[in-house]
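All values derive from a computational prediction rather than experimental measurement. Residue numbers begin at 1 in each chain, while the letters A, B, ... track the order of the sequences.
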Protein chains: 2
Amino acid sequence: MSKPSSNSKRVTIKDVAQAAGVSVTTVSNALNQRTEAMTQETLQRIQDAIQVLNYRPSSVARSLVTNQTATIGLIISEIETPLFLQALSVIEPAVRAADYSLIYCTARSLDDEQQAVNLLLEKRVDGIIFLSTSVYLDDDYLLDLLPTAPPIVIINRTISHLEFDQIHWDNSGGTISAIDYLVEQGHQCIAFMRGPDTRRSSEERLAGYRLGLQKHGLAYWDECVVTGDYETTAADWERATLALLAATPRPTAILASNDIVASVVLRTVQRAGLRIPADISIIGNDNQPFSIYSNPALTTVEAPVIESGRQAITMLLNRMANSNADVKRITLPCPLIIRESSGTI
Amino acid sequence: MSKPSSNSKRVTIKDVAQAAGVSVTTVSNALNQRTEAMTQETLQRIQDAIQVLNYRPSSVARSLVTNQTATIGLIISEIETPLFLQALSVIEPAVRAADYSLIYCTARSLDDEQQAVNLLLEKRVDGIIFLSTSVYLDDDYLLDLLPTAPPIVIINRTISHLEFDQIHWDNSGGTISAIDYLVEQGHQCIAFMRGPDTRRSSEERLAGYRLGLQKHGLAYWDECVVTGDYETTAADWERATLALLAATPRPTAILASNDIVASVVLRTVQRAGLRIPADISIIGNDNQPFSIYSNPALTTVEAPVIESGRQAITMLLNRMANSNADVKRITLPCPLIIRESSGTI
DNA sequence: TTGAAAGCGCTACCAT
DNA sequence: ATGGTAGCGCTTTCAA
């Protein structure tokens with residue numbers, strides 16, 4: 001089967017007009033549902049011509065004149081983990097339902113992010129969503145963007161001095177509710193394990209741990225906070241877990257600052273011969289997709305990625321419709337998802 | 001802090017030219033690195049003007065004249081699972097490294113897919129990658145696309161009569177190598193559990209199971225193939241697993257047609273008091289990101305999503321550079337990833 | 001009810 | 001070494 005010759009020029013609105021025996025304007029009107037004052041017959045002729053010629057309007061030409069691209073940019077600054085990618089499963093459908101399309105960028109570094117922003121700006125996207133980790137120190141470059149950039153919504157990154165719509169996560173509150181729950185289940189000695197990350201979210205969870213203990217009048221032991229540094233590997237968390245198990249008194253519950261660490265803790269505890277949750281409760285953080293498949297299924301504090309996506313797209317669409325509205329900042333709860341790895345002591 | 005007034009018109013190449021005291025042509029030349037025959041001073045003046053005016057060239061205007069958008073479309077037809085999304089982590093960086101950007105679409109149905117294709121065509125993308133499940137029966141509409149569509153690469157969907165570049169997965173071979181391995185470990189009674197899906201890939205794995213048994217002269221028991229229908233839930237797989245455990249002879253190994261099913265099997269087997277892999281080996285399929293976090297870590301046959309992404313973008317770029325090259329079809333192996341859930345009997 | 005023509009912001013060709 | 005200008009494929013007045 002030979003390839004169809006492709007030296008046929010692209011078909012344009014002009015060709016359609018000619019074929020239908022009408023003017024370009026009329027075709028344009030038909031294309032844009034301005035058909036009130038149009039003969040049924042004219043319309044039909046145009047539709048036929050479009051069909052026959054296999055015509056597809058060029059949105060690049062349209063964009064040039066309308067000054068809109070019907071495109072939204074999304075920059076996700078974490079990719080190693082499927083966690084943030086979940087947002088795509090709600091953002092993309094929402095974007096498309098609103099008759100927009102989505103340019104997707106990842107940002108593995110600040111430099112990468114800035115390059116992505118430039119790209120989106122040159123593409124003249126109508127709006128941008130940032131879904132970020134909080135490792136970057138320098139957000140100032142976003143300041144320069146403000147005058148000329150399209151509407152922006154920022155998820156999970158605090159930019160205090162700028163007027164961006166923002167969505168925050170109540171990381172601290174999530175950890176506190178985990179502690180509330182554990183105390184309710186009779187736990188008194190609750191340890192906290194930090195993962196390898198040095199992000200704000202991690203700090204906030206640690207802060208929540210302290211506040212939670214304090215709230216219930218529980219002693220805070222330094223030795224119950226195991227901190228992994230940036231180089232921490234699974235083997236290190238194993239060692240840390242073992243150290244925790246050897247402590248006196250032995251913690252009856254371990255909070256991990258993310259689900260990956262929790263998985264390692266869970267495995268290590270099981271291999272040490274302890275039962276979960278009979279002997280010890282494990283609670284993760286993030287509600288990663290896999291946390292439901294562990295045995296026992298992991299109790300965890302959810303990072304509201306999906307809900308963030310849902311809200312972000314709504315906020316962005318709103319702002320695109322009304323750029324003068326007041327800047328919005330919302331904080332989403334991090335709900336505790338109780339599954340099987342935790343229980344009464 | 002009040003918002004900067006945005007009634008200032010967009011700055012264009014004309015403004016830059018004026019500010020720099022040169023012609024638009026010269027600015028355009030500077031923008032496109034045609035600087036050989038250009039005074040250092042002129043170039044500097046232009047760069048200064050760009051800086052001062054905060055000018056960003058419009059890629060929509062550029063696209064209109066060059067007839068290229070520097071954009072690639074990606075349509076992924078499975079989203080419930082983080083599996084396919086992994087491809088993004090290799091495709092997006094590769095796309096951007098080649099100075100393209102990525103429009104990302106999901107397709108939850110054939111209708112959805114066609115809508116996405118239309119969108120991409122109107123956006124005049126320079127190429128399209130399909131990453132598909134194989135549930136769709138009707139691919140014929142892609143035929144009509146061929147004459148006018150940009151280069152296309154298709155992953156994991158067989159379209160025999162068309163001239164698309166395609167990447168296949170050797171699902172059957174993957175299952176066979178799992179059986180090879182199990183036989184080598186002394187297993188003689190190997191069961192197969194199908195998941196809830198009715199896709200070609202699932203069929204191929206089942207076919208591989210039969211071929212593998214045959215290859216080693218092992219008996220094939222119908223009762224060792226547990227088939228879940230579309231309505232199958234975790235509870236059903238549990239029941240099926242229990243049935244398998246009650247069979248005589250009891251299988252010493254269970255192949256699951258995907259990792260989610262494998263997780264349920266694993267859990268059920270453990271709760272039935274059997275040790276993995278001492279009493280029974282479990283092997284999944286897909287190598288989902290979470291499979292490494294189960295306890296024991298899951299041995300699994302990898303669906304080469306990442307490698308597919310890598311190859312797809314290379315193939316696409318190649319075809320975009322040379323549309324007359326022969327159509328390529330490659331088949332990627334599905335390597336067995338040996339972890340902890342399998343071993344000698 | 002329909003059409004003519006200007007113009008969106010660039011690039012590319014041809015001059016100078 | 002630099003500039004003038006046509007034209008990419010549409011939408012949008014304004015006119016008929």
Side-chain angles (χ1 to χ4, degrees), chain A residues 8-47 49-50 53-71 99 119 121-126 148, chain B residues 8-47 49-50 53-71 99 119 121-126 148:
Chain A
S8 54
K9 285 268 305 165
R10 262 216 164 287
V11 12
T12 73
I13 196 173
K14 233 170 164 173
D15 302 317
V16 175
Q18 197 156 23
V22 298
S23 76
V24 175
T25 306
T26 305
V27 177
S28 175
N29 285 335
L31 250 26
N32 295 282
Q33 349 290 352
R34 284 185 292 268
T35 52
E36 325 83 31
M38 194 175 290
T39 306
Q40 178 58 37
E41 195 224 324
T42 308
L43 185 57
Q44 190 59 51
R45 286 221 310 282
I46 293 176
Q47 288 171 339
I50 289 177
L53 297 175
N54 193 18
Y55 168 70
R56 261 172 243 277
S58 158
S59 51
V60 0
R62 170 182 297 148
S63 291
L64 186 59
V65 24
T66 60
N67 206 24
Q68 299 193 122
T69 54
T71 302
D99 278 318
L119 184 110
L121 257 21
E122 297 197 352
K123 288 280 179 195
R124 300 292 192 260
V125 296
D126 297 331
T148 51
Chain B
S8 55
K9 285 267 304 165
R10 263 217 163 286
V11 10
T12 74
I13 197 173
K14 233 172 167 173
D15 302 317
V16 175
Q18 196 156 24
V22 298
S23 74
V24 273
T25 304
T26 307
V27 178
S28 175
N29 285 336
L31 249 27
N32 295 282
Q33 347 291 350
R34 285 184 293 266
T35 51
E36 326 82 31
M38 195 175 288
T39 307
Q40 177 59 37
E41 196 223 322
T42 307
L43 185 57
Q44 190 60 52
R45 285 222 311 278
I46 293 176
Q47 288 171 339
I50 288 176
L53 297 175
N54 193 19
Y55 168 71
R56 262 174 242 276
S58 158
S59 51
V60 0
R62 170 181 296 147
S63 292
L64 187 59
V65 25
T66 61
N67 205 25
Q68 301 193 120
T69 53
T71 302
D99 279 317
L119 184 109
L121 258 20
E122 297 198 352
K123 288 280 180 196
R124 299 293 191 259
V125 296
D126 297 332
T148 51

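Closest non-hydrogen pair, Ala70(B) versus Asp99(B), comes out as CB-O, 3.9 Å. The heavy-atom pair separating Leu31(A) from Pro57(A) by the smallest distance is CD2-CB, 4.4 Å.
For Thr25(B) and dG4(D), a side-chain-to-base donor-acceptor distance below 3.5 Å is present, hydrogens and geometry of angles not being considered.
In this structure, the side chains of Arg34(A) and Glu36(A) come closer than 4.5 Å at one or more pairs of heavy atoms. Contact of the Lys123(A) side chain with the Thr71(A) side chain is not registered, since no non-hydrogen atoms from C-beta on lie closer than 4.5 Å. With contacts defined as side-chain heavy-atom distances shorter than 4.5 Å, the pair Arg124(B)/Ser63(B) does not qualify.
Side-chain nitrogen and oxygen atoms of Thr26(B) include at least one within less than 4.0 Å of the OP1 or OP2 phosphate oxygen of dG3(D). Regarding contacts with the backbone of dT11(D), a side-chain N or O of Asn32(A) is found under 4.0 angstrom from either OP1 or OP2. For Ser59(B), no side-chain nitrogen or oxygen approaches OP1 or OP2 of dC10(C) to under 4.0 Å. The side chain of Ser28(A) places no N or O atom within less than 4.0 Å of a non-bridging phosphate oxygen (OP1 or OP2) of dC10(D).
Side chain of Arg62(B), nearest nucleotide from dC10(C), dC10(D), dG3(D): dC10(C). For Thr12(B), the side-chain atoms get nearest to dG9(C) when compared with the rest of dG9(C), dT1(C), dT2(D). Which of dA4(C), dC10(D), dC10(C) sits closest to the side chain of Val65(B) comes down to dC10(C). Of the candidates dC10(D), dG3(C), dT2(D), the closest approach to any side-chain atom of Thr39(B) belongs to dT2(D).
Counting non-hydrogen atoms under 4.0 angstrom, Ser58(A) reaches the backbone sugars and phosphates but no base. Residue-level contact check: Thr42(A) touches the backbone only, with heavy atoms under 4.0 Å from sugar-phosphate atoms and none from bases. Counting any heavy atom pair closer than 4.0 Å across all strands shown, Val60(B) reaches no nucleic acid atom.
Regarding Arg34(A), its CZ atom lies at a distance of 15 Å from the P atom of dG3(C), rounded to whole Å. dC10(C) atom C1' lies 18 Å from atom CZ of Arg124(B), rounded to whole Å. Between the NZ atom of Lys14(B) and the C1' atom of dG3(D) there is a distance of 14 Å, given to the nearest Å. In this structure, Asn29(A) places its CG atom 17 Å from P of dA15(D), rounding to the nearest Å. Arg56(A) places its CZ atom 16 Å from the C1' atom of dG9(D), with the value rounded to the nearest Å. Atom CG of Leu31(B) is separated from atom C1' of dA12(C) by 14 Å (rounded to the nearest Å). Per the geometry, CZ belonging to Arg10(B) stands 9 Å off P belonging to dG9(C), to the nearest Å. As rounded to whole Å, 19 Å separates atom P of dG7(C) from atom CD1 of Ile13(B).
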When you look at Leu53(B) and Val16(B), which way does the side chain to side chain contact (heavy atoms under 4.5 Å, CB included) test go after all the steps? CA-CA 7 Å; Leu53(B) 297 175; Val16(B) 175; 4.2 Å; yes
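Closest-nucleotide positions on DNA chain D for Asn67(B) and Gly21(B) were compared, and the one nearer the 5' end corresponds to Gly21(B). Nearer to the 5' terminus of DNA chain D, by closest-nucleotide assignment, is the contact made by Ser23(B) (compared with the other of Leu64(A) and Ser23(B)).
Judged by distance alone, with hydrogens and angles left aside, the side-chain atoms of Thr39(B) form no donor-acceptor pair with the main-chain N or O of Glu41(B) at under 3.5 Å.
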Please report, to 0.1 Å, the donor-acceptor pairs under 3.5 Å made by any side chain of residues 18-26 of chain B, with sequence neighbours excluded.
| unit_1 | atom_1 | unit_2 | atom_2 | d |
| --- | --- | --- | --- | --- |
| Ser23(B) | OG | Thr25(B) | N | 3.4 |
| Ser23(B) | OG | Thr26(B) | N | 3.2 |
| Ser23(B) | OG | Thr26(B) | OG1 | 3.1 |

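Where the helix from dT1(C)-dA16(D) to dT16(C)-dA1(D) starts and where it ends, the local axes point in directions that differ by 30°; five pairs per end, rounded to 10°.
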